[in-house]
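Here is how names work: the chains are called A, B, and so on, in the same order as the sequence lines, proteins then strands, and each is numbered from 1.
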Number of protein chains: 2
Amino acid sequence: MLAAVLQVRAGSLQVMLWERAREPHAHRWSLPGGGLGDDEDVEASIRRQLAEKVDVRQLSHVEQLAVFSNPARVPGPRVVATAFLGLVPSHIDPVVPSDTAWHPVDALPATAFDHEAICRRARSRLASKLSYTNLGFALAPPEFTISALRSLYSAALGYKVSATNLQRVLSRRGLLEPTGGTVQPGPSGGRPAALFRFVSGKMRVTDPFAVLRPPSTRSLGS
Amino acid sequence: MLAAVLQVRAGSLQVMLWERAREPHAHRWSLPGGGLGDDEDVEASIRRQLAEKVDVRQLSHVEQLAVFSNPARVPGPRVVATAFLGLVPSHIDPVVPSDTAWHPVDALPATAFDHEAICRRARSRLASKLSYTNLGFALAPPEFTISALRSLYSAALGYKVSATNLQRVLSRRGLLEPTGGTVQPGPSGGRPAALFRFVSGKMRVTDPFAVLRPPSTRSLGS
DNA sequence: CCAGGTTTTCGCCTATCGGTCGAAAACGTG
DNA sequence: CACGTTTTCGACCGATAGGCGAAAACCTGG
């Protein structure tokens with residue numbers, strides 16, 4: 001029962017880790033988590049565990065990632081871990097305990113147990129779902145410019161995406177709408193950028209945008 | 001630790017269930033599974049469990065589905081279940097124990113516990129992955145005609161797909177290749193159908209076919 | 001206040017993809 | 001050998017994605 005909480009910060013995708021104080025694997029970095037209570041399911045439990053690190057309301061998305069169960073994944077008696085993927089929108093800077101910090105997922109410090117593999121899985125899952133679902137909303141602030149959204153996607157995917165194309169794809173899927181507002185340009189000038197938001201009601205993960213659709217039923221969204 | 005093993009049989013997507021002999025939920029149908037051994041991970045464990053029902057070599061694909069952990073999902077002390085999706089190619093008719101039978105997933109009998117919800121999740125996962133991955137290979141025999149493949153996809157997805165389009169989409173993804181052979185037409189005549197196979201090396205689940213690709217890297221497959 | 005630099009926005013072009021249809025191919029039967 | 005049947009394949013069309021460059025809208029420096 002542990003979670004890879006991801007957020008785009010300072011232009012790179014980062015994961016929240018805490019530094020172990022005790023053996024085994026003292027001073028190595030590990031994912032937050034904890035045991036399952038008797039009266040909660042795993043989703044409720046991981047949200048409770050994470051509440052010690054970040055405010056639960058700051059998590060824009062939580063989903064099961066996978067079960068990690070290699071008998072040798074931790075020393076001593078076997079521990080089966082149900083891993084979660086958590087996401088925090090980029091405009092939030094959660095207050096975290098002093099032993100906890102954010103690390104870029106592609107420059108991880110020495111990690112404990114199999115937590116590096118779990119981080120990789122989380123990164124991979126996020127990249128996939130950004131492409132074929134509307135999960136992007138979970139990384140973005142309530143309002144954003146297209147170029148801000150572009151840098152979020154680029155950081156999470158690991159490669160540059162075209163701002164033009166990103167806007168068009170998301171718009172065509174009916175996910176994006178303009179707020180009407182704009183932001184002032186920076187000190188170097190430039191046209192003011194228009195603000196957008198994700199359409200409310202599309203702020204949960206929807207079905208993938210499938211190929212091989214049913215015949216001639218021209219329904220795109222729900 | 002339990003599995004929804006799916007197969008297309010007699011034109012419909014079916015799931016392997018066994019009838020409980022004892023309380024609780026006697027005479028209701030439930031998914032096969034069992035406990036986790038000390039020296040195995042969950043994948044190995046579920047394959048071992050399933051070996052009692054079907055030969056493991058007949059399973060063309062096994063993947064984690066989700067963890068089901070509602071405290072009330074079974075009577076008595078809470079049991080956390082790691083659910084799997086298993087697939088059997090359509091040309092195989094496994095020998096199953098006498099208490100075990102196949103049931104269409106959209107006409108399930110009275111099921112035990114939350115197993116109906118697990119079946120629905122398995123069905124949904126399969127439908128999604130058929131669309132955006134190459135998972136189709138796991139439902140198909142080693143060689144097949146396009147119309148046979150079409151009926152497999154139709155049964156698994158729950159709606160008709162176009163044979164023309166199915167062949168083109170899979171071919172363009174580089175998944176399908178002709179064997180050169182043909183099958184004799186049925187008693188009512190017709191042109192002999194060409195046989196195809198999934199390209200070897202593409203018989204594992206690949207990355208989803210993503211949108212928002214990296215810029216101007218004209219690489220489709222791997 | 002105007003020229004030049006910067007950033008965003010938008011329209012257009014092209015390639016590809018998915019959906020559909022219908023003709024042609026290749027077989028059986030009467 | 002005409003006809004029905006089934007498969008195959010080419011052609012068309014709309015939708016989608018990627019790319020490019022012009023235009024818009026702002027800044028600063030002269």
Side-chain angles (χ1 to χ4, degrees), chain A residues 130-132 134 136 143-154 157 159-196 208-221, chain B residues 130-132 134 136 143-154 157 159-196 208-221:
Chain A
L130 277 183
S131 187
Y132 62 81
N134 64 342
E143 299 192 350
F144 47 83
T145 66
I146 295 297
S147 40
L149 189 64
R150 183 184 103 105
S151 56
L152 290 179
Y153 271 76
S154 296
L157 291 173
Y159 52 78
K160 297 280 177 231
V161 300
S162 149
T164 298
N165 202 32
L166 178 65
Q167 177 177 14
R168 182 178 37 216
V169 167
L170 295 182
S171 297
R172 201 156 28 204
R173 290 176 179 176
L175 303 178
L176 231 48
E177 71 185 3
T179 71
T182 58
V183 294
Q184 294 314 308
S188 60
R191 178 173 173 168
L195 285 170
F196 289 80
F209 297 92
V211 87
L212 291 174
R213 284 177 263 270
S216 74
T217 308
R218 276 279 160 275
S219 66
L220 241 195
Chain B
L130 277 182
S131 187
Y132 63 82
N134 64 343
E143 299 192 351
F144 46 84
T145 65
I146 294 298
S147 41
L149 189 64
R150 184 184 101 105
S151 56
L152 290 179
Y153 271 76
S154 296
L157 292 172
Y159 52 77
K160 296 278 176 236
V161 299
S162 149
T164 298
N165 201 32
L166 179 65
Q167 177 176 13
R168 182 179 37 213
V169 168
L170 295 182
S171 296
R172 220 171 358 215
R173 291 177 179 175
L175 304 179
L176 231 48
E177 72 183 5
T179 69
T182 58
V183 294
Q184 294 314 308
S188 61
R191 177 172 173 170
L195 284 171
F196 289 81
F209 296 92
V211 90
L212 290 174
R213 285 176 264 269
S216 75
T217 309
R218 277 278 160 276
S219 66
L220 240 197

Ignoring the backbone of [X], work out which of [options] is nearest its side chain.
X        : options                : value
B:Val169 : C:dT9, C:dT7, C:dG18   : C:dG18
A:Gln167 : C:dC10, D:dC27, D:dC9  : C:dC10
B:Pro185 : C:dC27, D:dC26, D:dA24 : C:dC27
A:Ala193 : C:dT8, C:dA26, D:dT7   : C:dT8

ask   = At under 4.0 Å between heavy atoms, what does A:Ala194 touch on the DNA or RNA strands: base, sugar-phosphate, or nothing?
value = sugar-phosphate

So do [Y] and [X] actually touch side chain to side chain, heavy atoms under 4.5 Å?
X        : Y        : answer
A:Leu176 : A:Phe144 : yes
B:Thr145 : B:Leu195 : yes
B:Tyr153 : B:Leu166 : yes

When you measure from the side-chain N and O atoms of [X] to the phosphate of [N], is any distance below 4.0 Å, counting only OP1 and OP2?
X        : N      : answer
A:Arg172 : D:dA17 : yes
B:Asn165 : C:dG19 : yes
A:Ser147 : C:dT8  : yes
B:Thr164 : D:dT8  : no

Rounding to an integer number of Å, can you tell me how far [X] [atom1] sits from [N] [atom2]?
X        : N      : atom1 : atom2 : value
B:Leu170 : C:dG19 : CG    : P     : 12 Å
A:Tyr159 : D:dG19 : OH    : P     : 11 Å
A:Leu166 : C:dC10 : CG    : P     : 14 Å
A:Ile146 : C:dG11 : CD1   : P     : 14 Å
B:Arg150 : D:dT6  : CZ    : C1'   : 12 Å
B:Leu149 : D:dT8  : CG    : C1'   : 15 Å
A:Tyr132 : C:dG18 : OH    : P     : 16 Å

key: Exam field: side chain A:Arg150 to backbone A:Ser162, donor-acceptor pair closer than 3.5 Å   =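 A pair under 3.5 Å: no.
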
message = Judged by each residue's nearest nucleotide on DNA chain D, which is more toward the 5′ side, A:Ser162 or A:Pro187?
response = A:Ser162

message = By nearest heavy atom, map B:Arg191 and B:Gln184 onto DNA chain C; which one lands nearer the 5' end?
response = B:Arg191

ask   = Checking only heavy atoms, does the side chain of B:Arg168 share a donor-acceptor pair with the base of D:dG10 at less than 3.5 Å?
value = no

remark   = Taking every heavy atom of A:Ile146 against every heavy atom of A:Phe196, the minimum-distance pair comes out as CG1-CE1, 3.6 Å

